[in-house]
Amino acid sequence: MIIDESNQCVSCGLCLPHCPTYRVLKSEADSPRGRIALMNGVANGRIALNARFIQHMDRCLTCRACEAVCPNNVSYGRLIDETRALIADQSKSVASARKSNWRIALERLLLTQPTRLDRLRRLLHFLQKNEWLRGLRRSSLIKNKRIFKFIIQLPVVKFPYAAAAENTASNGSAWRVVYPAQGEKRGEVALFLGCVARVTDVATLNSSIYVLNRLGYTVHIPRNQMCCGAIYQHSGALEQANALVQRNKSVFAEFDTVISTASGCGVQLLESGVAGEQGEVIDISHFLMAAKGWESIHIAPLAQKILVHEPCSLRHVLREQAYPYQLIARIPGAAAVPLAGNDQCCGAAGTYFIDQPEIADTLLQNKITTVKESKAQYLVTSNIGCAMHIANGLYENGIHVEVLHPVTLLARQMGLEL
């Protein structure tokens, strides 16, 4: 596949100005065109699969901005995933060394058993409530800066909507299997929880359930749903990613519509065919804009400028960046304004901000500067990884801008107390 697909690249260079790493590093080997040439060389045996080659592949954010502008429709996303799988297969010792202890723990303990993350919710809530994490942020005793950065940038941990609905706050981890529609029933959907989002993005999940119920949609949250597999997919562990995909396929097989609240997960679910041939995977903003029943919904006004960040997965792959603007426009008085530089990645890119912190921080600083100059109070984004990365950067720079999902802002104006 690597040889055939890489041969489709005509080296026109139209992708170069759209590539974040090329703009930062000014290196042809760190551009889509350069990487594709290297991939072809390794696949054909003309170039050695060595540490230098791996470095150029690791530096790719998989933002797929290049794919969106390619005149020859080169499937760069598939190329980089297959190349990383090749690295993992042919250079096991090197590939193993690339994995830090935190990643091994994340994969083995959490991604394959995301319900364990539900059980961590109370512990993290306790640490945040007592401001231990904020205190540790200033501690010189913390040596593992990368994993620490991941932990401290967790948003305020909240509990599932089920706790309030069923008075089950005693366990704080239970999601209801079904959230019935309110009023006239218009349909049924399944909600994908994700893995880390079960802890870090409960506000968005709760908001999605609330808005969908108010519009007349019954929301199902199937038991035993797994991580979407994107972290495995983009690290070259294709077998592990496929195992998660197959389990999710069986879990969501009975549902025609699967809703995702994180665009990165949405891409993985869509491209891996989790919903099957007859079903659909759809981003929450897209679904809500097509939904009926808005005429009976009261939305409180919010006379504010709302910055809209467009995640790479939403903009370059799903091509659905218009829907968050339309969703915010339903709030009377709210003015949705694009964040300058939306065509460039923020640097989060799954675990990239931990694996490649220098490049990620450079890309993030561009976002922080534009947010500061905007003088806005709110920034909405449709991907939890981007939200965490940007929110942490704003905090570290002393900039008080609330970062949240557009559906969360909408639900708040509809009366949901988060």
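In this chain, numbering begins with 1 at the start of the sequence shown.
For Y325, the ring-ring contact (aromatic ring centres under 6.0 Å, His included) criterion is met by no residue, not counting sequence neighbours. With sequence neighbours left out, the side chain to side chain donor-acceptor pair (under 3.5 Å) criterion links T62 to R84. The salt bridge (Lys or Arg N to Asp or Glu O under 4.0 Å) check on E280 picks up nothing, with sequence neighbours excluded. H56 meets the ring-ring contact (aromatic ring centres under 6.0 Å, His included) test with no other residue; sequence neighbours excluded.
Looking at N50, its side chain does come within 3.5 Å of a backbone N or O of R52 through a donor-acceptor pair. Looking at Q225, its side chain does come within 3.5 Å of a backbone N or O of P222 through a donor-acceptor pair. At least one donor-acceptor pair under 3.5 Å links the side chain of R33 to the backbone N or O of S11. Between the side chain of Q413 and the backbone N or O of A300, at least one donor-acceptor pair lies under 3.5 Å. Q326 contributes no side-chain N or O that, together with a main-chain N or O of M289, makes up a donor-acceptor pair within less than 3.5 Å. Between the side chain of N248 and the backbone N or O of V274 there is no donor-acceptor pair closer than 3.5 Å. Judged by distance alone, with hydrogens and angles left aside, the side-chain atoms of D89 form no donor-acceptor pair with the main-chain N or O of A85 at under 3.5 Å. Looking at S272, its side chain does come within 3.5 Å of a backbone N or O of Q268 through a donor-acceptor pair. Of the possible polar contacts, none joining the N40 side chain to the I36 backbone as a donor-acceptor pair under 3.5 Å is found. Remark: the backbone N or O of Y378 is not paired with any side-chain donor or acceptor of K305 at under 3.5 angstrom.
With contacts defined as side-chain heavy-atom distances shorter than 4.5 Å, the pair H234/D81 qualifies. Counting only heavy atoms from C-beta outward, the side chains of N206 and W175 approach each other to under 4.5 Å. Looking at heavy atoms from C-beta onward, H405 lies out of side-chain contact with I384 at the 4.5 angstrom threshold. Side-chain atoms of I328 and L410, non-hydrogen and from C-beta on, never get closer than 4.5 Å to each other. With a 4.5 Å cut-off on side-chain heavy atoms, V308 and L339 do not count as touching. Put simply, the side chain of E358 does not reach to within 4.5 Å of the side chain of T362, judged on heavy atoms. At a threshold of 4.5 Å between non-hydrogen side-chain atoms, the residues L409 and I306 count as touching. With contacts defined as side-chain heavy-atom distances shorter than 4.5 Å, the pair M226/V251 does not qualify.
When all heavy atoms of S285 and L327 are compared, the pair lying nearest together is OG-CD2, 3.7 Å. Here the closest non-hydrogen pair linking C19 and D30 is SG-O, 3.7 Å. What you find for L191 and V219 is that their closest heavy atoms are CB-CG1, 3.8 Å. Across all non-hydrogen atoms, the minimal contact from A411 to S207 is CB-CB, 3.6 Å. The minimum heavy-atom distance linking G415 with Y210 is given by the pair C-OH, 3.6 Å. Closest approach of P357 and I354 over heavy atoms only: CD-O, 3.4 Å.
Going from atom CZ of F255 over to atom CD of E188 covers 8.0 Å, rounded to the nearest 0.5 Å. The CE atom of M57 sits 10.5 Å away from atom CG of L86, with the distance rounded to the nearest 0.5 Å. Separation of atoms CZ (R59) and CD1 (I54) is listed at 13.0 Å; rounding is to 0.5 Å. Expressed to the nearest 0.5 Å, how far CZ of F192 lies from CD1 of I259 amounts to 13.5 Å. Taken from CG in L394 to NE2 in H389, the straight-line distance is 10.5 Å, to the nearest 0.5 Å. Interatomic distance, SG of C345 versus OH of Y352, reported as 8.0 Å (0.5 Å rounding).
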Item checked: side chain to side chain contact (heavy atoms under 4.5 Å, CB included) assessment of H316 paired with V69 -> CA-CA 9 Å; H316 303 311; V69 299; over 6 Å; no
Next item on the list: Would you check, one step at a time, whether the test side chain to side chain contact (heavy atoms under 4.5 Å, CB included) holds for I2 with L79?
Entry: CA-CA 6 Å; I2 294 176; L79 266 176; 4.2 Å; yes
Checklist line | Stepwise side chain to side chain contact (heavy atoms under 4.5 Å, CB included) test for L363 and L61 | finding: CA-CA 11 Å; L363 296 171; L61 292 123; 3.9 Å; yes
Next item on the list: Show your working on side chain to side chain contact (heavy atoms under 4.5 Å, CB included) between H220 and V189 and close with a plain yes or no.
Entry: CA-CA 6 Å; H220 297 265; V189 299; over 6 Å; no
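Using modelled atom types and a 3.5 Å distance limit, the side chains of T204 and D201 yield a donor-acceptor pair. For the residue pair H309/N342, the side-chain donor-acceptor check at 3.5 Å is not satisfied. At a cut-off of 3.5 Å, with distance as the only test, a side-chain donor of N242 or Q246 sits close to an acceptor on the other residue.
Under a cut-off of 6.0 angstrom, the local environment of NZ in K372 is sparse, with at most 12 non-hydrogen atoms contributed by other residues, nucleotides or ligands. Atom CZ of R186 is surrounded by more than 12 heavy atoms from other residues, nucleotides or ligands within 6.0 Å.
Screening residues 15-24 for side-chain hydrogen bond (donor to acceptor under 3.5 Å, both in side chains), with sequence neighbours left out, gives T21-R35. Screening residues 63-79 for side-chain hydrogen bond (donor to acceptor under 3.5 Å, both in side chains) gives R64-E67, R64-E271 as the qualifying pairs, with residues at least two apart or on separate chains.
When each of T218, L212, I221 is checked for a side-chain contact (heavy atoms from CB on, under 4.5 Å) with Y179, only I221 meets the rule.
Y217 has its ring centre less than 6.0 Å from the ring centre of F287.
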